[in-house]
K.L.:
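To start, I am sharing the structure in question, which I have written as structure tokens.
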Amino acid sequence: LNEKPSKIVSTGFSNFDVLNGPSQGSSSSISIVNGQMTQSSSYTYTYTLAAKKEGQFTIPGMVFVVNGSQVKSNAVTISVVEGGGNGGCL
């Protein structure tokens with residue numbers, strides 16, 4: 001997101017347990033090129049999920065309210081397979 005949302009409207013994690021989140025992060029930058037200043041900001045929201053079962057799942061786009069309007073992120077499709085018993089750690 002380029003602007004900080006005032007609200008998260010939906011998550012859509014029905015096939016997952018939410019272990020952590022949302023963790024919020026932000027960054028900003030200013031650049032000056034040929035005397036022209038450009039400023040940008042970025043906001044990220046991170047979740048740690050554990051699948052309830054194996055299979056292929058689509059996590060729908062998140063819906064946020066930004067400046068009174070709803071903004072939706074892209075959906076993500078993932079495949080969940082049986083783990084090696086190490087909890088995802090190497």
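Just so it is clear, the structure is predicted and the values come from calculations on it, not from any experiment.
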K.L.:
Between F13 and M62, what is the shortest heavy-atom contact and its length?
P.N.:
CZ-SD, 4.0 Å
K.L.:
Could you walk me through whether S29 and S40 pass side chain to side chain donor-acceptor pair (under 3.5 Å), step by step?
P.N.:
CA-CA 5 Å; S29 67; S40 65; 3.0 Å; yes
K.L.:
Where do S41 and S28 come nearest, in terms of heavy atoms and distance?
P.N.:
OG-CB, 3.9 Å
K.L.:
When you group the ILVMFWY residues by side-chain heavy-atom contacts below 4.5 Å and let the links chain together, are V33 and I30 in the same group?
P.N.:
no
K.L.:
Would you kindly confirm whether V9 and F16 end up in one hydrophobic cluster when ILVMFWY residues are joined by side chain heavy atoms under 4.5 Å apart?
P.N.:
no
K.L.:
Is it true that V63 and V65 fall in one hydrophobic cluster, defined by side-chain heavy atoms closer than 4.5 Å?
P.N.:
yes
K.L.:
Rounded to the nearest 0.5 Å, what separation is found between the CG atom of L19 and the CG atom of L49?
P.N.:
7.0 Å
K.L.:
Flag the pair P5 / V71 as yes when at least one side-chain heavy-atom distance between them is below 4.5 Å, and no otherwise.
P.N.:
no
K.L.:
To check you understand the geometry: which heavy-atom pair defines the closest contact between K53 and V80, and what is its length?
P.N.:
O-CG1, 3.6 Å
K.L.:
Does any donor atom in the side chain of T77 or T58 lie under 3.5 Å from an acceptor atom in the other side chain?
P.N.:
yes
K.L.:
Does the side chain of K52 come within less than 4.5 Å of N15's, by heavy atoms?
P.N.:
no
K.L.:
Using 30° and 60° as the class limits, which term best fits the ring planes of Y45 and F64: parallel, tilted or perpendicular?
P.N.:
tilted
K.L.:
Donor-acceptor pair, distance only, cut-off 3.5 Å: does the side chain of S42 make one with the backbone of S26?
P.N.:
no
K.L.:
Kindly work out whether a path of hydrophobic side-chain contacts (I/L/V/M/F/W/Y, heavy atoms less than 4.5 Å apart) joins V76 to I8.
P.N.:
yes
K.L.:
As an exercise, state the distance from CG of N20 to OG1 of T48, rounded to the nearest 0.5 Å.
P.N.:
4.5 Å
